[in-house]
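The basis for the numbers below is simple: all heavy atoms, side chains too, and nothing from hydrogens, waters or symmetry mates. Starting from 1, each residue takes its place in the sequence as its number.
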Amino acid sequence: HGASKATAQCAYDWKPGDALPGVQGSVCAITNWDPDGPGSEPPLLVVGGLFSNAGGHPASNIATWDGVEWQAFEPGFDGVVYSLIVHNGELYAAGDFTSAGGLTVIGVARWDGSAWREVGVGFLNGRVRALAVFNGDLIAAGYFTNFPFVSLNGIGRWDGTNWHGLGLGLRGQSAAYAHALTVQDDNLIVGGSFSQAGSISANNIARWDGATWHNLGTGVNSTVNALTIHKNEIIAAGTFTQAGGMAANRIAKWSGVEWQSLGSGFDQYALALCSHGNRLYAGGPFTTAGGVAASAIAQWDGSSWNPLGEGLSGDTSQAVCALYSRDDQLWAGGYFINAGGMESKSIARWSDDQWHATSSSFNGSVLDVLYHENSIIVAGTFTRIGGIEVGGVARWDGAKWQPMGSPQYDAVNDLRLFNNEFYLAGDRLNKNGYPLGSVSVWDGTNWQSVGGQFDGTVSALDEYGGALVAAGRFLT
């Protein structure tokens, strides 16, 4: 394989810093969006929530991830974004906001390519918690009752021109609201906190067939926070402890005839659900699932709950508020600091049975970059990347940073290919903090010293007259 040396003109611009990867705040919504449709631009992962920074960039509650870095989505919103969805190729956001970039947008907004636009006149007396597409129309659900000129009662339908109610909407003994939406075949499923849907009794979950409301048996005994369809069954999760009159700790499934529990459920409430492959995933602030330790996220294999590695953790608390499946990857958003033991603030990716940060903080400077055998190799004064010990040199495999052999160096100053072999010049600090240099060659598994130790720093390597030349601040 050929190799090429990357210089300062290349687009590699990692800098030292103590900012954590991800976003500074909470992630409540995740979706995938292709801004130019069938054009050449790649799709973006869009996240919304309550945050002010993404990947080190100021960001007002919405940001994008292109697979390499975070970018602010400007203009952002003045309040929390609870839901994101793509409808007819356009990106919609919903939440508890009133403006974006100085323009009035209340509750639901549509991106027109350059600015956020209102969808109708605006939800003047509440907030929007969930969006879905049903029978070609946009559905919004949340805490609201009256839209200008129409009564919505917690749920409404946008036909592209006007908002319409779904029958009499949702009602309760006090305030009724919807938290979650999903679609199963020709039915819209709504979950939240209510006792009536239309004119029928429906305890916190109901089905709309396009014309009429229906209940799902006797429903559940407390709030539904999340819904999904898994193996053609409706899965509901929330704060409830009973479903259909039977014990069901915060999660249950509706078979079309009856409610059934999923094991012994969770020790605390659930906030997010996602069907991904053959597995069902749930997130929340819980610490156990099915009696097994599971920090904020767990997977159901059809018979039992299992943790996802070490899970997600924070300083004092953690929770997964949003889950999204794309290709073979599961994305989790919420409020946490670590994913699988490595820094990944508020958003992380699960694939290949392990956690990955969306970006990686180097704890020092990158001094050299080299492309070798389909991998990017970086070297510098760093010893860790996103919580992984690397010892001054690391390899990007296309998805994540990997150490090269066992960490050995406090700094790596130069990389060089010579006679089809890969060399580095590195320093180790002695007990007095003085750098002692060495040159090493990569044997395919680890670094092997070449010619012993120098009495000072080796800062550069090059080829001259068929020999490898080392230069630096040393005498012997």
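Looking at T64, its side chain never comes within 3.5 Å of a backbone N or O of L44 through a donor-acceptor pair. Without hydrogens or angle criteria, N221 side chain to Q242 main chain gives a donor-acceptor distance under 3.5 Å. Judged by distance alone, the side chain of W355 and the main-chain N or O of L308 form a donor-acceptor pair under 3.5 Å. Using a distance-only test at 3.5 Å, with no hydrogens or angles considered, no donor-acceptor pair links the side chain of D96 to the main chain of G79. A donor-acceptor pair is defined here as one N or O able to donate and one able to accept, closer than 3.5 Å; no such pair exists between the side chain of T288 and the backbone of G291. A donor-acceptor contact shorter than 3.5 Å is absent between the side chain of E69 and the backbone of G55. Judged purely by atom type and a 3.5 angstrom limit, S295 uses its side chain to pair as donor or acceptor with the backbone of L312. Checking side-chain atoms of T223 against main-chain N and O of G238 turns up no donor-acceptor pair under 3.5 Å. Using modelled atom types, one side-chain atom of S344 and one backbone atom of I347 make a donor-acceptor pair closer than 3.5 Å. Judged purely by atom type and a 3.5 angstrom limit, W259 has no side-chain atom pairing as donor or acceptor with the backbone of V220.
Closest of all the heavy-atom pairs between G244 and T218 is CA-OG1, 3.2 Å. G391 approaches V412 most closely through the heavy-atom pair O-CG2, 4.1 Å. Heavy-atom minimum distance, I30 versus Y324: O-CD1, 3.5 Å. Residues L84 and V47 share a closest heavy-atom pair of CD1-C, 3.7 Å. Listed here is the closest heavy atom pair of A29 and A322: N-CB, 3.8 Å. Of all the heavy atoms in L273 and I251, the pair that sits closest is CD2-CD1, 3.8 Å.
I139 is listed as a side-chain neighbour of I155, based on a closest heavy-atom distance under 4.5 Å. With a 4.5 Å cut-off on side-chain heavy atoms, L227 and I235 do not count as touching. The closest side-chain heavy-atom distance from V190 to W213 is below 4.5 Å. Y82 places a side-chain heavy atom less than 4.5 Å from the side chain of R127. Between L166 and N153, every side-chain heavy-atom pair lies at or beyond the 4.5 Å cut-off. Side-chain atoms of T383 and V390, non-hydrogen and from C-beta on, never get closer than 4.5 Å to each other. The shortest distance between side-chain heavy atoms of L415 and V393 falls below 4.5 Å. The side-chain heavy atoms of F144 and V128, taken from C-beta on, include a pair separated by under 4.5 Å.
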Derivation of the side-chain hydrogen bond (donor to acceptor under 3.5 Å, both in side chains) call for D301 and S303: CA-CA 6 Å; D301 63 10; S303 59; 3.2 Å; yes

Intermediate values then yes/no, side-chain contact (heavy atoms from CB on, under 4.5 Å), W158 and D137: CA-CA 6 Å; W158 174 253; D137 291 336; over 6 Å; no

Verdict with reasoning, V105 to T98, per side-chain contact (heavy atoms from CB on, under 4.5 Å): CA-CA 5 Å; V105 284; T98 59; over 6 Å; no

Trace of the side-chain hydrogen bond (donor to acceptor under 3.5 Å, both in side chains) decision for T287 with D267: CA-CA 7 Å; T287 58; D267 64 331; 2.5 Å; yes

Derivation and outcome, side-chain contact (heavy atoms from CB on, under 4.5 Å), residues Y92 and V119: CA-CA 9 Å; Y92 288 78; V119 180; 3.8 Å; yes

From CA spacing to verdict: side-chain contact (heavy atoms from CB on, under 4.5 Å), R326, W331: CA-CA 8 Å; R326 185 176 76 174; W331 293 81; 4.2 Å; yes

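No side-chain N or O of N203 forms a donor-acceptor pair with one of N215 less than 3.5 Å apart. When only modelled atom types and interatomic distance are considered, T228 and S275 share no side-chain donor-acceptor pair under 3.5 Å. For the residue pair S60 and D78, no side-chain donor N or O sits within less than 3.5 Å of a side-chain acceptor on the partner.
Under the rule for a ring-ring contact (aromatic ring centres under 6.0 Å, His included), the partners of F97 that lie at least two apart in sequence or sit in another chain are F77. Take W447 and apply the ring-ring contact (aromatic ring centres under 6.0 Å, His included) test, not counting sequence neighbours, and it matches F422, W442. Partners of D36 according to the salt bridge (charged side-chain N to carboxylate O under 4.0 Å, His left out) rule, which considers only residues two or more places apart in sequence or in another chain, do not exist here. Take Y269 and apply the ring-ring contact (aromatic ring centres under 6.0 Å, His included) test, not counting sequence neighbours, and it matches no residue. The salt bridge (charged side-chain N to carboxylate O under 4.0 Å, His left out) test applied to R117 returns D112, not counting sequence neighbours. For F51, there are no ring-ring contact (aromatic ring centres under 6.0 Å, His included) partners two or more places apart in sequence or in a different chain.
The distance from the CZ atom of R279 to the NZ atom of K231 is 8.5 Å, given to the nearest 0.5 Å. The distance from atom CD of E343 to atom CG of N338, rounded to the nearest 0.5 Å, is 6.5 Å. Of the inter-residue distances, the one linking W116 atom CH2 with R110 atom CZ reads 10.0 Å to the nearest 0.5 angstrom. Atom CG of N187 sits about 4.5 Å away from atom CZ of R207, to the nearest 0.5 Å. Annotation: the span from S26 atom OG to Y335 atom OH amounts to 7.0 Å, rounded to 0.5 Å. From N204, atom CG reaches atom CG of N225 across 10.0 Å, with rounding to the nearest 0.5 Å.
Within 6.0 Å of atom CG in D186, 12 or fewer heavy atoms from other residues, nucleotides or ligands are found, so the atom counts as exposed in its surroundings.
Taking the six-membered ring for Trp and the full ring otherwise, F73 and W111 have centroids separated by under 6.0 Å. Here W305 and F266 bring their ring centres to under 6.0 angstrom of each other.
The aromatic rings of H179 and Y143 sit perpendicular to each other, their planes meeting at more than 60°, with 30° as the lower class boundary.
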